[in-house]
Amino acid sequence: MPRLDDAQLLSEAVRKVNAREKVNELERKVLSTGGSFGGAKPKALIEINGEQWIIKFFNNEPIDVPLVEHATMTLANKAGIQVAETKVIRLIGEHVLLVRRFDRQGLKRIHSVSAGTALRAITPAGQEPNFGYPALAQLLRSAGDQENKRNSEDMKELFRRMVFNILIDNTDDHEKNHALLVESRNKHGKYKLSPAYDVLTTNSGQGYQEFICGINQRDSTLENAMSQFNLFGMTSDEAVSQVVRVIDVVDGWKKHFVSCGVCESDLNSLSDRIDGEELLKERRSFTPSDYTSRSVKKKTSLFSR
Ligand SMILES: Nc1ncnc2c1ncn2[C@@H]1O[C@H](COP(=O)(O)OP(=O)(O)OP(=O)(O)O)[C@@H](O)[C@H]1O
Ligand SMILES: [Mg+2]
């Protein structure tokens, strides 16, 4: 497996593939180690101190995406979201992102399935799966580890991830961008949320998420996120306090991104979205008292629809 020292070689190989230039034998070998990871961006696997890391390359985006992804992931962590460990390294003329694999521990494999696979598996044949946060929360409720209420903690964290993704404009939260770890046999194969990955402000401002958030489907609003708080196993007061916690962290996004080294022109571009009219209004107009006295909507099973 390639090492950190091979990152420049890998980067050159990726550039050649993108430019449809011929790669040499060594480049072909380093690129193909570890198989394909899927996802839209070019990536490869490297080894650092016996651990496997995914290396994600810059893909000619208008902003420094590797740095922005690292900044967004570490900001998410401040909001009580477990994230895959990330590092940024500088190569000639570009940053690249390193993300530590959560489905490996040294040589040991940890069974992981995407939310898409897990939700499809509980959907009757012929029906469309319900790809969304409330449905995934309900799956964790029934198939997560109930000992010490660990599944309840996962359900709350999933709620925070949804709120964070809405507020930070990470609209690319589709069913392959969430995963579950299958716990060891003595836990009877229970599901557990994997660390979050591929969390970055997409700078799209599209106004809707790729994963269903609530009764208004994919709408990127806190009202929609709050609409089915009960399916995340929380009271309205608990859900409100989670939203307030995430708003507080997102309010500090710029300071955090600066500390990660994001340049001024990228900050200005991201600011147009994160602090733009729509998302800033979501943060500023969130009113806890709108929810605290509201009666909990009748609990319905998502899977019986
Ligand atoms: N830290 C990790 N450990 C294990 N598997 C991971 C990790 N990060 C990503 N993956 C797997 O690799 C796939 C691609 O990674 P990622 O989503 O980061 O790439 P991407 O190219 O940005 O994807 P997208 O097409 O969603 O933009 C993920 O769907 C997931 O299955
Ligand atoms: Mg992805």
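Atoms within each ligand, like the ligands themselves, are counted from 1 in listed order. The chain is numbered in sequence order, starting from 1.
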> atom 28 (C) of ligand 1: which protein heavy atom is closest, and how many Å away?
Replying inline: Y197 CE1, 3.6 Å
> Polar-atom distance check: F102 versus ligand 1, any N or O pair below 3.5 Å?
Replying inline: yes
>> Tell me if the centroids of the rings in F159 and F229 come within less than 6.0 Å of each other.
In response: no
> With atoms numbered from 1 as shown, which atoms in ligand 1 lie under 4.0 angstrom from a non-hydrogen atom of N177?
Replying inline: 17 (O), 26 (O)
> Near the Mg ion (ligand 2), is there an N/O/S atom from N177 that is less than 2.8 Å away?
Replying inline: yes
> Using 30° and 60° as the class limits, which term best fits the ring planes of H178 and Y133: parallel, tilted or perpendicular?
Replying inline: perpendicular
> Charged N to carboxylate O below 4.0 Å: is that the case for E85 and R100?
Replying inline: yes
>> I'd like to know if R104 contacts ligand 1, where contact means a heavy-atom distance under 4.0 Å to any ligand atom.
In response: no
>> Students should be able to answer this: which protein heavy-atom is nearest to atom 13 (C) of ligand 1, and at what distance?
In response: F37 O, 3.2 Å
>> Restricting to N/O/S atoms, is D198 within less than 2.8 Å of the Mg ion (ligand 2) or not?
In response: yes
> Is there a donor-acceptor pair closer than 3.5 Å between any side-chain N or O of Q209 and the backbone N or O of D219?
Replying inline: no
> atom 6 (C) of ligand 1: which protein heavy atom is closest, and how many Å away?
Replying inline: I54 CD1, 3.6 Å
> Any idea which of K43, E85, K41, K176 brings a heavy atom closest to atom 15 (O) of ligand 1?
Replying inline: K43
> Are R284 and D251 within salt-bridge range, i.e. N to O under 4.0 Å?
Replying inline: yes
>> Could you identify the single nearest non-hydrogen protein atom to atom 1 (N) of ligand 1 and state the distance to 0.1 Å?
In response: R100 O, 2.9 Å
> Below 6.0 angstrom between ring centroids: does that apply to F131 and H174?
Replying inline: no
> What residue and atom, counting heavy atoms only, is the protein's closest point to atom 25 (O) of ligand 1, and at what distance?
Replying inline: A40 N, 2.7 Å
> What's the spacing between S112 OG and R104 CZ if we round to 0.5 Å?
Replying inline: 9.5 Å
